[in-house]
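Only a predicted model underlies this, so the values are computations on that prediction, with no experimental measurement involved. A note on names: the letters A, B, ... follow the listed sequences, proteins ahead of strands, and every chain is numbered from 1.
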Amino acid sequence: MAGARFARVIVRREGLRRPFPSDFAGRLEGRTLRALRRRGKYLLAELSSGETLLMHLGMSGSIRVDLDAGATRRGGDAGDVADRHDHVVFRMSSGAAVTFNDPRRFGVMDLVPRGQLARHPALGAIGPEPLGPDFDGGALARACTGKRTSLKAALLDQRVVAGLGNIYASEALHLAGVSPRRRASTMATPSGLPRPGAHRLAAAIKHVLQNAIAKASMPSYRSSRFRVYDREGERCRTRRCAGTIRRFSQSGRSTFYCPDCQR
DNA sequence: ATTGAGACCTGTCGGC
DNA sequence: TGCCGACAGGTCTCAA
């Protein structure tokens, strides 16, 4: 998409979790997509108009790319065969069709005026990128200072660290050997200095995400082998740990952990 | 101000 | 086989 122009934008449903912004297609058509970026779980497309197209896949969203839709198209506006959950189709000047599909419609599409990104509710208070230079044990401890909620809930809070979801929050806690039940404030000493667990947890978050990205880019990669997620009742994979993975609910989300090696 | 529960919407899976 | 409830990788709103 980068460098291409939005030749035609087809909106097949008026909104996802929220309605699309006014004149959505009109504000995109004719603009060039200058660059694509990501912040947390948000995909950001910078437009030649100065606006930014902000997208989120929610829980069930996906983007399908047909690189040569222009040539193979047989009269259908959507390019290739349309699914009933294909909500938006971007037809690019390059001939590519980019389709946003989201059965559950928890996704987001928004247009943010020039200079307003930092004030956007989704991005205004978002925390550091876990794989960026600003995130380490010290940053994690600072973000957790004074938080009375559980560590697991804190990791899901996008203001603490950007982009972690329910699976990798459990995975990182297990790799770090830290209990999801622990109070978030215990990452720091009363004076705000990081405790050892904060360094281990920050390192585990980086490790777990890098590993997931590496695996996702392997075409042959099939079933994910998680450390704890969705493994209730199975053996802990930690070396020399004989524990059994347990599952329980924390603020409405499933948490998986090993009671034997996570403290 | 912070926190957890409930809501949003559709699909899938396991149990009966 | 078919029905039904439970559950799902996220985020927002609301009330305590």
Side-chain angles (χ1 to χ4, degrees), chain A residues 12-21 38-44 54-64 82-88 99-110 112 117 119-127 129-130 142-175 180-188 205 208-213 215-217 221-234 245-257:
Chain A
R12 313 175 65 100
R13 169 185 276 272
E14 260 321 309
L16 299 164
R17 200 170 70 216
R18 349 208 95 213
F20 293 128
R38 178 196 58 76
R39 184 74 172 92
K41 297 173 190 167
Y42 292 88
L43 184 58
L44 305 171
L54 175 150
M55 295 174 278
H56 192 297
L57 296 174
M59 300 226 296
S60 58
S62 63
I63 290 174
R64 194 170 74 247
D83 178 275
R84 81 191 200 89
H85 302 301
D86 286 350
H87 303 311
V88 177
T99 303
F100 188 98
N101 180 286
D102 184 8
R104 228 171 144 184
R105 280 191 281 130
F106 281 179
V108 172
M109 283 225 185
D110 201 2
V112 186
L117 260 194
R119 274 183 285 275
H120 192 278
L123 295 177
I126 200 167
E129 284 293 324
R142 249 176 285 125
C144 287
T145 300
K147 276 195 171 290
R148 305 179 58 77
T149 190
S150 68
L151 255 182
K152 165 73 172 348
L155 292 185
L156 290 181
D157 184 343
Q158 302 296 297
R159 295 170 301 182
V160 171
V161 55
L164 268 195
N166 200 40
I167 292 179
Y168 295 115
S170 281
E171 295 292 287
L173 286 163
H174 183 256
L175 179 58
R181 300 183 193 270
R182 222 166 111 173
R183 202 178 270 241
S185 59
T186 65
M187 288 290 98
I205 289 168
V208 150
L209 291 180
Q210 276 163 344
N211 192 250
I213 292 166
K215 285 180 174 172
S217 61
Y221 188 72
R222 300 293 297 147
S223 65
S224 344
R225 284 170 55 83
F226 294 123
R227 308 172 61 87
V228 289
Y229 183 78
D230 206 19
R231 294 192 60 238
E232 183 182 22
E234 296 177 39
I245 305 308
R246 296 284 161 74
R247 160 200 175 138
F248 70 108
S249 187
Q250 280 181 303
S251 39
R253 319 296 309 280
S254 281
T255 295
F256 297 85
Y257 80 117

A:Asp110 bridged to A:Arg18 by N-O distance under 4.0 Å: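 So A:Asp110 does not pair with A:Arg18 through a salt bridge.
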By the 4.0 Å heavy-atom rule, please label [X] as base, sugar-phosphate, or nothing.
X        : result
A:Arg148 : sugar-phosphate
A:Tyr229 : sugar-phosphate
A:Gln250 : nothing
A:Arg247 : sugar-phosphate
A:Ser60  : nothing

Among C:dC12, B:dG11, B:dT3, the one nearest A:Tyr42 by side-chain distance: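 Looking only at side-chain atoms, A:Tyr42 lies closest to C:dC12.
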Closest listed nucleotide, where the reference is the side chain of A:Lys147 and the choices are B:dT3, C:dG9, B:dG4: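 Of all the options, the side chain of A:Lys147 is nearest to B:dT3.
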Heavy-atom side-chain contact between [X] and [Y] under 4.5 Å:
X        : Y        : result
A:Arg64  : A:Asp86  : yes
A:Leu123 : A:Leu44  : yes
A:Ile167 : A:Phe256 : no
A:Val228 : A:Thr255 : no
A:Arg17  : A:His56  : no
A:Lys152 : A:Asn166 : yes

Under-4.0 Å side-chain N/O to phosphate OP1/OP2 contact, [X] with [N]:
X        : N      : result
A:His56  : C:dT11 : yes
A:Arg253 : C:dG9  : yes
A:Ser254 : C:dC7  : no

Atom [atom1] of [X] to atom [atom2] of [N]: distance rounded to whole Å?
X        : N      : atom1 : atom2 : result
A:Leu57  : C:dG10 : CG    : P     : 11 Å
A:Tyr168 : C:dG10 : OH    : C1'   : 15 Å
A:Arg183 : B:dT2  : CZ    : P     : 15 Å
A:Asp230 : B:dT12 : CG    : P     : 16 Å
A:His85  : B:dT10 : NE2   : P     : 8 Å
A:Glu232 : C:dA6  : CD    : P     : 16 Å
A:Leu156 : C:dC12 : CG    : C1'   : 15 Å
A:Ile167 : C:dG10 : CD1   : C1'   : 12 Å

Distance, P atom - from C:dA6 to B:dG6, rounded to whole angstrom: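 These two P atoms come out 14 Å apart once rounded.
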Between C:dC7 and B:dA5 - P atom distance, rounded Å: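 Taking atom P in both B:dA5 and C:dC7, they lie 14 Å apart.
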Ring center gap for A:Tyr257 and A:Phe248 short of 6.0 angstrom: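 For A:Tyr257 and A:Phe248, the ring centres are under 6.0 Å apart.
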Stem segments of DNA chain C by first residue number [Watson-Crick or G-U, under 3.5 Å, at least 3]: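 Stems for DNA chain C, defined as runs of 3 or more consecutive pairs: B:2-8 with C:10-16, B:10-16 with C:2-8.
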Side chain to side chain contact (heavy atoms under 4.5 Å, CB included) partner of A:Cys144, chosen from A:Arg183, A:Arg182, A:Met187: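 Single side chain to side chain contact (heavy atoms under 4.5 Å, CB included) partner of A:Cys144 among A:Arg183, A:Arg182, A:Met187: A:Met187.
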Look for any protein N or O under 3.5 Å of an N or O in nucleotides 6-9 of chain B and output each such pair with its distance, or none.
unit_1: B:dC9; atom_1: O3'; unit_2: A:Arg105; atom_2: NH2; d: 2.6
unit_1: B:dC9; atom_1: O2; unit_2: A:Arg104; atom_2: NE; d: 3.1
unit_1: B:dC9; atom_1: N3; unit_2: A:Arg104; atom_2: NE; d: 3.4

Contact list for residues 156-170 of chain A, test salt bridge (Lys or Arg N to Asp or Glu O under 4.0 Å), sequence neighbours left out: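 Qualifying pairs: A:Lys147-A:Asp157, A:Asp157-A:Arg159.
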